[in-house]
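Since the model is a prediction, treat every value here as computed from it, not as a measurement.
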Amino acid sequence: REITLRERKSMKEIKIVLKERDMPRKWYNLAADLPGIIEPALAPDGRPITPDMLAKVFPMNLIEQEASLKRWIDIPEEVLKILLRWRPAPLRRAVYLEEYLKTPARIYYKDESLSPAGSHKPNTAVAQAWYNKEFGIKKLTTETGAGQWGSALAFACNIIGLECKVYMVRISFDQKPLRKIMMHVWGARCVASPSNETSSGRAILRKMPNTPGSLGMAISEAVEEAVRDKTGKTRYSLGSVLNHVLLHQTIMGLESKKQLSLAGEKKPDIIIGCVGGGSNFAGLAFPFLYDKIHGDKIEIIPVEPTACPTMTRGPFAYDYGDTAGMTPLLPMFTLGHNFVPEPIHAGGLRYHGMAPLVSHAIRDGLLSPRAYDQVKCYNSAFIWAKTEGTIPAPETSHAIACAIEEAIKAKKEGKKKVILFSYSGHGLMDLTGYEKFLSGKLSKYHLSEKDLRASLESIKKFPKIRIRKKA
């Protein structure tokens, strides 16, 4: 029967979809607006990094973005055409979860699971592959944790016409075989890290032959392979942490702003994202962080695992971005570059450091980090699957756990809060973790104080960060 006007007004809009012509044409750069001074990356001798020092690792066009203080940076038309394969991504309202929780809160989520690789990662993979191709590069090397970034870069390189080599953290290489197959389908080569294919990998294996691996180790191997190419046609590509990576992801938050307006919402009260290196969280949160810096009252919550509590327990200090010390010293929250996390199933959140821009925003009091254990997160993922119907990635379940917590809090307070979170990827390639949860084989990993202190020994001799304020 025909829906009456009264019934239509009472219906909750579940999907808010932008037209393709309304997709953002520029990326937003938070570096232009952070209130505090952004500390520079340093060479091992303590001198600030210059662009030429990075030239063997990244193409100069991306180095320019990394150092840029421009607020808005144009998205190339060729990149936009590829992004249109799945963007604009829908903003959805979690009405079934709201009903289950009996909360007055309105819960929205940016659905990044619809990209070809099933996560937010292609937003920057496509951009990085395109800029490298423009610079004349023939091959990209990279690391991957859970495999979302590796599969995204494999997809992008396949479309744009580059060779791709992926070093996948050993524990995820074993736990998530389907991600490897995705990379192979798109023509990439994927090896377990640490491996015998690099000197850094061999050195790690001699010391720790049974190590589960870490993102820091995999980064070392990928960087080493890129810089040792005597032809100069190989570069390294990073899926998180660096400024230009976070920049490319801001298309998520910029779309979400327009979609919330279409849904009749003035602004969100709470923004949530899971955090490993910071890219998906930054992509959603940074455009709203601009509003918070300029007076809006928004609570912005990055969520990490208790097994790898970089933001909630690590210091803001200079540290290497990788295990072997091949990267510059970055100003960031860190657990120490030798830190090897427990083998939790949220492989994309097992990174010892944090994006410098996210770290500076925490330092400036703009963010409120939290940490949850994986059992709590899988419980939340099951609630989500049984209400909203989709199966989230283990990483995404951290954001869902926080959204549920905030919705219950809103119920207790009787407040109609607007909650927005990043649904960063689906979990259809990560079902082993769900199987272990169902059979009671998952552990609540918490990093011990003893292990934390031991790991931080590796950064004691590095330059100290002086807290400075802008004039």
Side-chain angles (χ1 to χ4, degrees), residues 27 29-32 37-70 73 76 124-125 127-143 149 153 156-157 162 164-165 167 198-200 215-249 277-279 282 318-332 334 337 351-360 462-463 465:
W27 292 304
N29 183 12
L30 180 68
I37 288 174
I38 299 175
E39 303 298 332
L42 302 178
D45 62 4
R47 290 180 301 138
I49 285 289
T50 57
D52 59 291
M53 293 179 184
L54 300 173
K56 285 189 175 181
V57 183
F58 303 110
M60 196 54 69
N61 46 20
L62 287 178
I63 293 172
E64 288 171 4
Q65 288 186 359
E66 185 66 21
S68 176
L69 293 177
K70 288 174 59 179
I73 294 177
T124 183
Q128 290 190 55
W130 184 83
Y131 280 111
N132 273 279
K133 184 73 178 285
E134 284 291 292
F135 198 70
I137 301 305
K138 303 294 184 185
K139 178 181 178 180
L140 291 179
T141 62
T142 195
E143 81 297 324
W149 167 243
L153 191 63
C157 286
L162 297 174
C164 182
K165 170 85 169 286
Y167 288 90
T198 64
S199 59
S200 58
L215 280 165
M217 294 176 189
I219 291 170
S220 295
E221 293 203 89
V223 171
E224 180 184 330
E225 178 165 341
V227 299
R228 77 184 181 197
D229 179 10
K230 293 179 181 178
T231 70
K233 295 297 183 182
T234 301
R235 291 293 185 276
Y236 166 68
S237 180
L238 185 61
S240 192
V241 179
L242 295 181
N243 297 4
H244 68 271
V245 182
L246 276 55
L247 173 80
H248 302 155
Q249 293 291 357
S279 67
Y318 274 111
D319 194 8
Y320 289 120
D322 70 310
T323 302
M326 300 192 71
T327 71
L329 290 168
L330 302 175
M332 61 183 179
T334 180
H337 57 275
Y351 183 56
H352 70 273
M354 183 52 53
L357 284 179
V358 174
S359 296
H360 281 85
F462 294 157
I465 294 179

Residues 129-138 vs side chain to side chain donor-acceptor pair (under 3.5 Å), sequence neighbours excluded, gives Gln65-Tyr131
In this structure, CD1 of Ile63 is separated from CG of Leu54 (nearest 0.5 Å) by 5.0 Å
For Asp229, the side chain to side chain donor-acceptor pair (under 3.5 Å) test, sequence neighbours excluded, returns Thr231, Thr234
Here the gap from Leu140 atom CG to Lys165 atom NZ, rounded to the nearest 0.5 Å, amounts to 13.0 Å
Residue set satisfying side chain to side chain donor-acceptor pair (under 3.5 Å) with Glu221, at least two apart, ordered chain then number -> Ser193, Ser195, Thr198
One should read off an interatomic distance between Leu42 CG and Met53 CE, to the nearest 0.5 angstrom, of 10.0 Å
NE2 (His337) and CE (Met217) are apart, to the nearest 0.5 Å, by 11.0 Å
(message) Using side chain to side chain contact (heavy atoms under 4.5 Å, CB included), reason through Ser220 and Tyr167 one step at a time and then give a plain yes or no.
(response) CA-CA 10 Å; Ser220 295; Tyr167 288 90; over 6 Å; no
- Under 3.5 Å: donor-acceptor pair, side chain of Thr141, backbone of Ala222: yes
- In terms of the angle between their ring planes, are Trp27 and His248 parallel, tilted or perpendicular, with boundaries placed at 30° and 60°? tilted
Here the gap from Leu357 atom CG to Asn29 atom CG, rounded to the nearest 0.5 Å, amounts to 7.0 Å
Nearest heavy-atom approach of Met60 to Ala55 is CE-CB, 4.2 Å
(message) What I'd like to find out is whether the side chain of Thr124 reaches to under 4.5 Å of the side chain of Leu238, using heavy atoms alone.
(response) no
In terms of heavy-atom contacts, Gly46 and Pro463 come closest through CA-CG, 4.4 Å
Closest non-hydrogen contact found for Gly232 with Ile137 is O-CD1, 4.0 Å
Just by modelled atom types, is the Glu64 backbone N or O under 3.5 Å from a matching donor or acceptor in the His244 side chain?
-> no
_Check whether Asp322 reaches the backbone of Thr327 with its side chain - one donor and one acceptor, N or O, closer than 3.5 Å._
yes
(request) Could you walk me through whether Leu242 and Leu62 pass the side chain to side chain contact (heavy atoms under 4.5 Å, CB included) test, one step at a time? (result) CA-CA 10 Å; Leu242 295 181; Leu62 287 178; over 6 Å; no
Tightest non-hydrogen contact, residues Tyr318 and Pro40, listed as OH-O, 2.7 Å
Residues 41-62 vs salt bridge (Lys or Arg N to Asp or Glu O under 4.0 Å), sequence neighbours excluded, gives Asp45-Arg47
Report the C-alpha separation of Leu30 and Asn243 in whole Å, then their side-chain angles, then the decisive distance to 0.1 Å, and conclude whether the side chain to side chain contact (heavy atoms under 4.5 Å, CB included) test is met.
CA-CA 9 Å; Leu30 180 68; Asn243 297 4; over 6 Å; no
Polar side-chain atom of Ser359 near backbone of Met332 as donor-acceptor pair, under 3.5 Å: no
Between Tyr320 and Pro44 (side chain of the first, backbone of the second, donor and acceptor by atom type, cut-off under 3.5 Å), is there such a pair?
no
Nearest heavy-atom contact between Ser279 and Ser240 is N-OG, 3.2 Å
Sorted by chain and number, sequence neighbours left out, side chain to side chain donor-acceptor pair (under 3.5 Å) with Tyr236 holds for Glu143
Rounding to 0.5 Å, atoms CD1 (Ile465) and CD1 (Ile37) come to a distance of 12.5 Å
For Ser68 and Ala31 the tightest heavy-atom approach is O-CB, 4.0 Å
Across all chains, not counting sequence neighbours, the salt bridge (charged side-chain N to carboxylate O under 4.0 Å, His left out) partners of Glu224 are Arg228
task: Would you please test Ile219 and Val223 for side chain to side chain contact (heavy atoms under 4.5 Å, CB included) and show each step?
output: CA-CA 6 Å; Ile219 291 170; Val223 171; 4.0 Å; yes
